[in-house]
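It should be emphasised that the depicted structure is a prediction, and the values quoted were computed from it without experimental measurement.
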Amino acid sequence: MLNKRILIADDEADVLTLLESRLVANGFEVVKAVDGIAALECVRTNQPALAVLDVMMPGLTGLEVCRTLKADPNTARLPIILLTARHEEVDRILGFEYGADDYVLKPFSPRELVLRIGVLLRHQLAPVFSLATVMNVGCITVDPLAYRVTVEKQPVDLTRTEFKLLSSLMQHAGRVLARKALLNFVWPTESSIEIRTVDTHLRRLRVKLGAGGRLIRTIRGHGYLIDQRHAR
């Protein structure tokens with residue numbers, strides 16, 4: 001059965017009430033939390049399909065909850081939308097560095113937020129890409145059907161976004177992919193995502209890949225590629 005359970009975590013009661021009514025009206029089940037500690041517990045006990053986290057929550061901030069969830073292999077692939085009243089670009093970049101899948105500024109349109117939730121859930125269910133062949137470049141192996149990545153035969157836990165970025169690069173190994181092309185591969189229907197977001201996720205991806213990270217080269221002024229020439 002399709003999981004349509006959504007966690008909303010916000011310390012503002014009116015935000016919780018508004019979002020719950022909109023989501024229920026669109027066929028979703030809602031679980032709520034009023035602080036970061038309760039949000040973590042809700043994820044672990046209710047296993048939602050997606051979490052909406054306010055950044056400025058008591059106990060633990062939304063950023064801290066996001067970072068904790070993305071660091072846990074059991075919840076790393078949970079789609080997360082951050083809500084915030086902070087409009088500085090550095091705050092958005094920090095959210096993506098912590099692993100958030102989307103970032104919505106307050107005040108927001110409830111209808112738009114429900115649509116964004118739907119888009120993320122559709123991406124979660126869709127295949128990463130059409131090829132089912134296991135791909136190998138150097139010490140990196142990607143198995144699309146098993147949703148598995150190994151580096152030097154050791155498993156690596158990636159978020160769905162990181163998995164899609166790596167898969168796109170592996171699929172086009174030896175070819176430079178522009179940032180805009182990678183943006184379209186990973187967020188095909190999301191026009192508000194900035195090009196810089198690709199750089200943020202790729203920095204995280206390189207770190208997680210360890211020795212395999214050196215195979216991802218930055219081509220200044222163009223984009224990125226998996227460099228087969230440096231594969232051993």
Side-chain angles (χ1 to χ4, degrees), residues 1-125 157-163 187 190 192-193 197 200-201 204:
M1 181 180 296
L2 179 63
N3 182 2
K4 300 194 74 175
R5 187 177 303 118
I6 307 298
L7 166 66
I8 309 168
D10 199 303
D11 60 336
E12 297 182 46
D14 56 342
V15 172
L16 290 177
T17 300
L18 176 61
L19 287 180
E20 180 180 26
S21 64
R22 288 301 182 100
L23 287 166
V24 169
N26 282 272
F28 292 99
E29 176 188 348
V30 174
V31 291
K32 297 179 290 184
V34 296
D35 60 56
I37 295 172
L40 279 177
E41 183 61 26
C42 277
V43 169
R44 290 162 179 161
T45 59
N46 293 281
Q47 299 182 335
L50 180 144
V52 179
L53 308 174
D54 180 41
V55 169
M56 300 304 293
M57 288 189 293
L60 293 172
T61 68
L63 288 171
E64 291 170 324
V65 174
C66 179
R67 180 169 58 182
T68 299
L69 293 172
K70 293 297 184 178
D72 184 342
N74 295 315
T75 54
R77 293 174 189 156
L78 175 71
I80 293 176
I81 297 176
L82 292 178
L83 295 180
T84 184
R86 299 173 65 106
H87 288 229
E88 296 296 325
E89 183 181 18
V90 64
D91 295 313
R92 298 182 66 187
I93 295 298
L94 183 60
F96 287 123
E97 286 180 343
Y98 279 19
D101 298 275
D102 202 353
Y103 202 95
V104 176
L105 299 176
K106 292 181 175 180
F108 58 88
S109 160
R111 181 173 180 272
E112 179 185 355
L113 181 56
V114 171
L115 290 173
R116 286 175 179 266
I117 289 171
V119 168
L120 280 176
L121 290 179
R122 285 196 296 276
H123 287 179
Q124 189 79 352
L125 292 173
D157 290 312
L158 301 180
T159 66
R160 183 172 178 81
T161 297
E162 292 160 352
F163 190 89
W187 297 279
E190 186 52 75
S192 66
I193 299 292
T197 303
T200 299
H201 283 286
R204 292 169 54 86

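- Separation of atoms CD1 (Ile81) and CG (Leu113) is listed at 5.5 Å; rounding is to 0.5 Å.
- Nearest heavy-atom pair, Asp157 versus Pro73, reported as atom, atom and distance to 0.1 Å: OD2-CG, 3.3 Å.
- When all heavy atoms of Val65 and Ala39 are compared, the pair lying nearest together is CG1-CB, 4.4 Å.
- The CZ atom of Phe108 sits 11.5 Å away from atom OG1 of Thr84, with the distance rounded to the nearest 0.5 Å.
- The minimum heavy-atom distance between Leu63 and Gly95, with the atom names listed, is CD2-CA, 3.7 Å.
- Proximity of Leu69 to Leu40: side-chain heavy atoms (C-beta onward) are separated by under 4.5 Å at one or more points.
- The OG1 atom of Thr75 sits 7.0 Å away from atom CZ of Arg44, with the distance rounded to the nearest 0.5 Å.
- Closest approach of Pro48 and Asn3 over heavy atoms only: C-ND2, 3.6 Å.
- Judged by distance alone, the side chain of Asn26 and the main-chain N or O of Arg22 form a donor-acceptor pair under 3.5 Å.
- Remark: Leu78 CG to Cys66 SG distance equals 9.0 Å, nearest 0.5 Å.
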Stepwise side chain to side chain contact (heavy atoms under 4.5 Å, CB included) test for Leu60 and Asp35
CA-CA 7 Å; Leu60 293 172; Asp35 60 56; over 6 Å; no
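- Considering Leu105, Val52, Ile8 as possible partners of Leu83, the one that fulfils the side-chain contact (heavy atoms from CB on, under 4.5 Å) test is Val52.
- Leu7 CG to Leu53 CG: the interatomic distance, rounded to the nearest 0.5 Å, is 6.0 Å.
- Considering all non-hydrogen atoms of both residues, Arg5 and Asn46 come closest at NH1-O, 2.5 Å.
- Contact check on Asp101 versus Lys70 returns a salt bridge, with a Lys/Arg side-chain nitrogen under 4.0 Å from an Asp/Glu carboxylate oxygen.
- In terms of modelled atom types and a separation under 3.5 Å, the side chain of Arg116 and the main chain of Asp102 share no donor-acceptor contact.
- When side chains are defined from C-beta on, Asp54 does not count as touching Val15, because their heavy atoms never get closer than 4.5 Å.
- In this structure, the side chains of Lys106 and Asp10 come closer than 4.5 Å at one or more pairs of heavy atoms.
- Annotation for Gly62 and Leu82: closest pair O-CD2, 3.9 Å, computed over non-hydrogen atoms.
- In this structure a side-chain-to-backbone donor-acceptor pair under 3.5 Å is present from Thr159 to Glu162.
- In this structure, the side chains of Val30 and Leu16 stay at 4.5 Å or more apart for every pair of heavy atoms.
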Evaluate the criterion side chain to side chain contact (heavy atoms under 4.5 Å, CB included) for residue pair Phe28 and Leu50; output intermediate values, then yes/no.
CA-CA 11 Å; Phe28 292 99; Leu50 180 144; over 6 Å; no
